[in-house]
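One structure is given below, represented as structure tokens, and several questions about it will come after.
Starting from 1, each residue takes its place in the sequence as its number. Note that ligands are numbered from 1 as they come in the structure, with each ligand's atoms numbered from 1 the same way. As the structure is a computational prediction, the values presented were derived from the model and not from experiment.
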Amino acid sequence: MFVPYRRLVPVSFPIPRLYILRHSFATTTPPLTRNFLDEMTARHDAKSKQSARWRGKGVSTRKFSKQPTKHTHAHDEPSNPSVEQMTTGSSTPSTTPVSTDEQQKFSDLREGGLVHPTLLLTIAKDLKFEHMTPVQAATIRPILTDRSDILAQAKTGTGKTVAFLLPALQNLVNRNIKPGSAVSLLVITPTRELALQIATEARALLQRLPQYKVCVAIGGTNKSAEEGKILKGCDILIGTPGRLYDHLGGDSSPIAEKLQQLDTLVLDEADRLLDMGFLSSLKQIVKCLPDRTAKPRQGMLFSATVPEYVQKVSGLVLSKQYKYISTIKEGEVNTHERVPQQLIIVPEFSDVAAALLGALRQEQREVGAETFKAIIFAPTAALVNFYTQVLQQFPDMPPIISLHSRMTQNRRTNVTEQYRQARSGIMIATDVIARGMDFPAVTNVFQVGIPSDKESYVHRLGRTARAGAEGRGSFIISAHETWFSKWELKDIAFNEHPADLTAQNDIKRITEQMDSQGKTYQAWLGYYKSYVKRMGWDNVRLVAEANKFALEGLGAAEVPSLEKSTVGKMGLRGVEGLTVVKNRSRHELGR
Ligand SMILES: Nc1ncnc2c1ncn2[C@@H]1O[C@H](COP(=O)(O)OP(=O)(O)OP(=O)(O)O)[C@@H](O)[C@H]1O
């Protein structure tokens, strides 16, 4: 039977009724190979009948609370789309208030035929949304009425996807071209999972207009099958930069041909797509699109975080007269105020695993085991595997699955779906799901070790407390990493909490049986190498800390060895304390 949240969901938000299974705890210490994935799958299969979706059947109409409860933040609520910051080009944005007196309804968009009645029917009857969120209220009209280019910022989980999809789909419906004949809307996202999620959302919005087709272009899947689908008929294409460029590059790409009628270009998680990691592939993609001066199109950038550089490079997608709309007040932190953020500092890196287990136990008690659904973010795939293997040995932990980019795309997609459907459980992941992913009812986010930047902290935390729900955050770092909480996150009001390290001896016993120490050690060195200066270290200190972590935290009997070429690639040649061995041949590696 469904067990409602006692503490974590505000009264104004109806509880989804899709979860029915109770989680029964294992009572004996499981072997190292215990497969929690099967356990989760069984739970998923058993409940898929009545699952529908979070907002599906059985869920009454949801709206954002007009009167914020004491746990909610006024500026997250639709009654307060607080600021519209408008800017042209790179000038300093001026701020003008947006109407705050009334919560806008989707049905208001019927006036003057602004949005097609069938789309509005879908929103009301199928998605069961009545009121617009602040970002939707602030962006949908200007996108439709002035056809302005938009840079929009709003906190995580406040409905940015519908804010760009709805007007873009309306533009598509308005166009007088044969459905399926050309791509009208191109959405670019930084991750494959997010592309798939947005495609699902677009299909949900178009369920009563099935003549329009949504396709994805993501890596890790069969490229020619994907191409076939797009060429067969595609109105909306959602993809990741690498695969999109694979399709578009070259002399006579048939997919580039399909994009010659492009009407709308959206970058979701725009700051990530416009940072150094993606910028050059994005430029290449834009070169393959029709020339904007000859064939005008609408450009939109959406994100919860908009660092300064975004405005500088926004010209790649936006016209000079773009509107900058933010529902976050100037000077306000861009995490939700209603989310308590706990900071746990341990003396050494080798204490982090025990502190994580202690915090998980504490939070599980706080939230209630029945509904405890957590995501743990770790810096690298090897650390994800390490924490997964350790935590899976504790019978009082709920089912645990892991996700990172070293897994096959099939597995990634399955894991994502299982977690989406799970009522309780833990997912341990890298930043691959840090942005945009909308898993229902995540009660807790744990971050172990520093994230790559402050934006990453904000997006990771944003996997909880979505769509008006509440949630909790825990940030667990070693004393060496406190510069990050002190400086990068100086605006966040953390509750500092002492670490519970009681599981330290149990963890030591577990790690001593593991055989992955070498891989985890290497990944740890690679990750923290980029922070040497910020830590106030030099390379010798880095290696000394890595060695200490290997011996005391990873259960290694001796300092793991590194191949000569790896040491060179890391820029650690000649650094004292390393155990360097000659490169192994492909034959020795068993390839
Ligand atoms: N008007 C609405 N009323 C109720 N729920 C809504 C509304 N609009 C969107 N939602 C739901 O809110 C959740 C969060 O939306 P969405 O994923 O678009 O957030 P986001 O702002 O893009 O988050 P992020 O910054 O993490 O990408 C989704 O489950 C979505 O279906």
Fill in: Under 3.5 Å side-chain donor-acceptor pair for T189 and D268
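Short answer, no.
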Worksheet item: Is it the case that T161 and E201 place a side-chain donor and acceptor less than 3.5 Å from each other?
Response: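 No pair is found: no donor N or O on one side chain lies under 3.5 Å from an acceptor on the other.
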Worksheet item: Going by the order shown, which atoms of ligand 1 are within less than 4.0 Å of some heavy atom of F106?
Response: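 Heavy-atom distances to F106 below 4.0 Å select 1 (N).
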Worksheet entry | Student check: side-chain heavy atoms of I198 and L165 closer than 4.5 Å |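 Counting from C-beta outward, I198 and L165 do come under 4.5 Å.
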Worksheet item: Taking the non-hydrogen atoms of R463, is any one of them nearer than 4.0 angstrom to ligand 1?
Response: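 R463 counts as a contact of ligand 1 under the 4.0 Å cut-off.
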Worksheet item: Measuring from the heavy atoms of A154, does anything fall under 4.0 Å of ligand 1?
Response: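 A154 does not count as a contact of ligand 1 under the 4.0 Å cut-off.
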Worksheet item: Counting both backbone and side chain atoms, is some N or O of T156 under 3.5 Å from an N or O of ligand 1?
Response: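 No: no nitrogen or oxygen of T156 is under 3.5 Å from one in ligand 1.
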Discussion item. Which residue is it: D149, T139, D146? I am looking for the one with a side-chain hydrogen bond (donor to acceptor under 3.5 Å, both in side chains) to K323.
Written reply: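 Output: one option passes, namely D146.
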Item to complete: Would you mind listing which atoms of ligand 1 come within a distance below 4.0 Å of any non-hydrogen atom of T158?
Response: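 So the atoms of ligand 1 that pass are 19 (O), 20 (P), 21 (O).
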Worksheet item: Given that the side chain starts at C-beta and the backbone is N, CA, C, O, which of these parts of D438 lies under 4.0 Å from ligand 1, counting heavy atoms, or is it both or neither?
Response: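 Side chain only.
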Worksheet entry | Pairwise distance OG1(T443) to CD(E470) - rounded to 0.5 angstrom |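 Atom-to-atom, T443:OG1 and E470:CD are 12.0 Å apart.
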Worksheet entry | Atoms of ligand 1 close to G157 [distance to a heavy atom under 4.0 angstrom, numbered from 1] |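 So the answer, numbered in order with elements, is 14 (C), 19 (O), 20 (P), 21 (O), 23 (O), 24 (P), 25 (O), 26 (O).
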Discussion item. Checking P117 now: which residues fulfil side-chain contact (heavy atoms from CB on, under 4.5 Å) with it, not counting sequence neighbours?
Written reply: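 Counting only residues at least two positions away or on another chain, P117 forms a side-chain contact (heavy atoms from CB on, under 4.5 Å) with R110.
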Practice prompt. Check ligand 1 against H131 and write out every atom of the ligand that is under 4.0 Å from a heavy-atom position of the residue.
Written response: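 Under 4.0 Å from H131, ligand 1 has these atoms: 1 (N), 2 (C), 3 (N).
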Practice prompt. Could you see which bit of Q136 sits under 4.0 Å from ligand 1, with heavy atoms only: side chain, backbone, both or neither?
Written response: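 Only the side chain of Q136 comes within reach of ligand 1.
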Worksheet item: Hey, does E269 sit under 4.0 Å from ligand 1 if you only count heavy atoms?
Response: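 Right, E269 reaches ligand 1.
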Discussion item. With no hydrogens and no angle check, just 3.5 Å: does a side-chain donor-acceptor pair link D438 and Q197?
Written reply: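 Checked: D438/Q197 side chains show no N/O donor-acceptor pair below 3.5 Å.
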Discussion item. List ligand 1 atoms under 4.0 Å from T161, heavy atoms only on the residue side.
Written reply: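 Contacts of ligand 1 toward T161, numbered from 1: 16 (P), 17 (O), 18 (O), 22 (O).
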Practice prompt. Give a yes/no verdict on whether any heavy atom in E130 is under 4.0 Å from an atom of ligand 1.
Written response: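 Contact absent.
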Discussion item. The criterion is side-chain contact (heavy atoms from CB on, under 4.5 Å); which residues satisfy it with S474, sequence neighbours excluded?
Written reply: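 side-chain contact (heavy atoms from CB on, under 4.5 Å) check on S474 returns Q342, E363, F446.
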Discussion item. Using a plain distance cutoff, I'd like to know if G159 has any nitrogen or oxygen under 3.5 Å from a nitrogen or oxygen of ligand 1.
Written reply: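 Yes, at least one N or O pair falls under 3.5 Å.
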Fill in: Atoms in ligand 1 flagged as close to R466, the criterion being non-hydrogen separation under 4.0 Å
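Those atoms are 14 (C), 16 (P), 17 (O), 19 (O), 20 (P), 23 (O), 24 (P), 26 (O).
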Practice prompt. Taking only heavy atoms of T133 into account, list the atoms of ligand 1 that are under 4.0 Å away from them.
Written response: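 Every atom of ligand 1 under 4.0 Å from some heavy atom of T133: 1 (N), 2 (C), 7 (C), 8 (N).
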Worksheet item: Once the angle between the rings of F439 and Y419 is folded into 0 to 90°, is it parallel (under 30°), tilted (30 to 60°) or perpendicular (over 60°)?
Response: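 Perpendicular, since the angle between the ring planes exceeds 60°.
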Discussion item. Quick check: F484 with Y457 (ring centres under 6.0 Å apart)?
Written reply: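 Ring-ring flag for Y457/F484: false, centres at least 6.0 Å apart.
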Worksheet item: Numbering the atoms of ligand 1 from 1, which are under 4.0 Å from a heavy atom of K155?
Response: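 Result: 21 (O).
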